[in-house]
Amino acid sequence: MAAVAPAVAERTQDRVIKRQYKQRRDWAKWGLAAYFVVFLIFLYAPMVLMAILSFQGYYGGVTFPFRGPAGLDWWRSIFETQVGGVFTHAGDIRAAGQRSLWISLAAGAVVAFFSFTLSMAFRRRFRGDGVAFYVIMLALMTPGFLLGLGTQLLWKAMGIQTSLWGSALGANSVWGIPFGFLVMLAVWNRYDEHIEEAARDLGANLAQTFREVTLPLVWTGIFGAALFGFTLTWNDFDRTVLLVLDNTLPLQIVGLIQASAIRPDLYALGTATTLVTLFLIFSALVVVTVRLRLRGRRVDRVEEELGLEGGIDAEAAQAGGFATLP
């Protein structure tokens, strides 16, 4: 007969005691979430209300309640010179918008160029770089109106007439360069210089390294600097009001407000410019997405993998004895 083992008595210390913890509500998280929602409402509610009021009827006002019936009269007034037998300011708005667009694009290009070149100089420390940094940041700390006033006085002292493409472009570019410069410093701060060393080890010269390695890695910062220059100039009033005779879009809007009562056509104009900006940002994101997908495609040919299709190591590979494969 098989012996039966006696049952082992359960000891108190062998018991697993499960304690029931009471879940505590994280009030700090809920408070921060509520603050974030309130901040978003405070930030975007005026634009949403402006867009809603722009679809009022002809007798609509600039405040609530919404006066119907809904229509596109105020939207038509920013594109057509006459709506319902009443002349509009469409011609002046169109001319001012074109001037603002071209000067903003030019300022964005200038800001991107100088921000990139200045940040390249700051990649390697040099004597007096601390003083140079604060000199660049000085324009950021100067009020915009004082910058425009100082520019006007300087040009008049030199006997030169202020103009849109001279003084106004210069003042807005000086204002935007510190913003773009800070963006580029942030990009260089996380940039790995060993990538350039690897490219040079593979046989690339300085020009090839700059064109095929450096620029593709930092182009987002250059685009951000250009975007700063564009938006700051597009929305500028205080730095341009003393420097030009031809109205830009902000100057035209202020002139319409001072000359007559505010009408919902300005709401339509503001909504249209916001939609154009969002469309440009969305287009840029689409281009970036397509570019990343094309660059991340699978390599199907040996020539592409070895760099024999015009890459930075093509000349080095061919010089090393690699033969082009069919």
Side-chain angles (χ1 to χ4, degrees), residues 40 43-44 47-48 51 78-79 94 97-120 123 169 172-173 175-193 195-196 198-199 202 204 206-236 248-250 269-301 303-305 307-314:
L40 289 181
L43 189 63
Y44 292 106
M47 290 188 290
V48 175
I78 63 176
F79 299 104
R94 187 181 302 109
Q98 290 177 354
R99 283 191 290 267
S100 290
L101 177 62
W102 294 119
I103 194 68
S104 299
L105 290 174
V110 172
V111 170
F113 174 78
F114 280 101
S115 299
F116 178 65
T117 52
L118 287 173
S119 64
M120 286 284 291
R123 288 184 62 188
L169 177 60
N172 285 282
S173 299
W175 177 261
I177 285 174
F179 292 94
F181 178 69
L182 292 177
V183 171
M184 290 306 306
L185 287 185
V187 172
W188 293 119
N189 188 43
R190 63 176 186 269
Y191 184 79
D192 189 1
E193 296 184 357
I195 301 176
E196 295 180 348
L202 291 174
L206 292 178
Q208 288 177 313
T209 303
F210 178 77
R211 184 179 65 254
E212 300 186 25
V213 176
T214 305
L215 279 182
L217 292 177
V218 301
W219 77 270
T220 53
I222 300 174
F223 177 77
L227 192 60
F228 260 115
F230 178 85
T231 54
L232 291 175
T233 307
W234 176 262
N235 300 318
D236 174 62
T248 57
L249 189 58
L269 178 61
T271 305
T273 55
T274 303
L275 292 177
V276 170
T277 304
L278 294 177
F279 173 76
L280 293 177
I281 295 175
F282 177 76
S283 301
L285 292 177
V286 170
V287 171
V288 171
T289 303
V290 173
R291 180 182 175 86
L292 291 178
R293 289 191 177 183
L294 291 177
R295 292 184 62 185
R297 70 185 189 276
R298 186 172 61 89
V299 178
D300 296 327
R301 300 177 60 185
E303 292 91 336
E304 296 179 7
E305 187 174 1
L308 302 177
E309 287 265 318
I312 59 175
D313 56 342

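Only this structure's heavy atoms are used, side chains among them; waters, hydrogens and symmetry mates stay out.
- Across Leu105, Asn172, Thr248, Leu101, a single residue satisfies side-chain contact (heavy atoms from CB on, under 4.5 Å) together with Trp234, and that is Leu101.
- When the shell of 6.0 Å around CG of Leu206 is examined, it contains 12 or fewer heavy atoms from other residues, nucleotides or ligands.
- Residues meeting the side chain to side chain contact (heavy atoms under 4.5 Å, CB included) test with Leu40, sequence neighbours left out: Phe36, Tyr44.
- Put simply, CZ on Phe113 and CG on Leu118 are 9.0 Å apart, with the number rounded to the nearest 0.5 Å.
- Between atom CD1 of residue Ile103 and atom OG of residue Ser173 there is a gap of 7.5 Å, rounded to the nearest 0.5 Å.
- The aromatic rings of Phe179 and Phe228 lie parallel to each other, with less than 30° between the two planes, well short of the 60° mark.
- Distance CZ/Phe79 to CG/Leu269: 8.5 Å, rounded to 0.5 Å.
- Between Met120 and Met184 the shortest side-chain heavy-atom distance does not fall below 4.5 Å.
- Between Val183 and Phe223 there is no side-chain heavy-atom pair separated by less than 4.5 Å.
- Here the straight-line distance linking atom CZ of Phe114 with atom CD1 of Ile177 works out to 6.0 Å at 0.5 Å rounding.
- Residues Leu232 and Val111 have side chains not in contact (no heavy-atom distance under 4.5 Å, counting atoms from C-beta outward).
- One distance of note links CD1 of Ile78 with OG1 of Thr271; it measures 8.5 Å at 0.5 Å rounding.
- With rounding to the nearest 0.5 angstrom, the CG atom of Leu215 is 11.0 Å from the OG1 atom of Thr209.
- The shortest heavy-atom contact between Ala225 and Ala112 is CB-CA, 4.1 Å.
- Legend: side-chain hydrogen bond (donor to acceptor under 3.5 Å, both in side chains) pairs involving residues 181-191, not counting sequence neighbours, sorted by first then second residue: Ser119-Trp188, Tyr191-Glu196.
- Applying the salt bridge (charged side-chain N to carboxylate O under 4.0 Å, His left out) test to Arg94 and every residue at least two apart in sequence or in another chain returns nothing.
- Thr273 places a side-chain heavy atom less than 4.5 Å from the side chain of Leu249.
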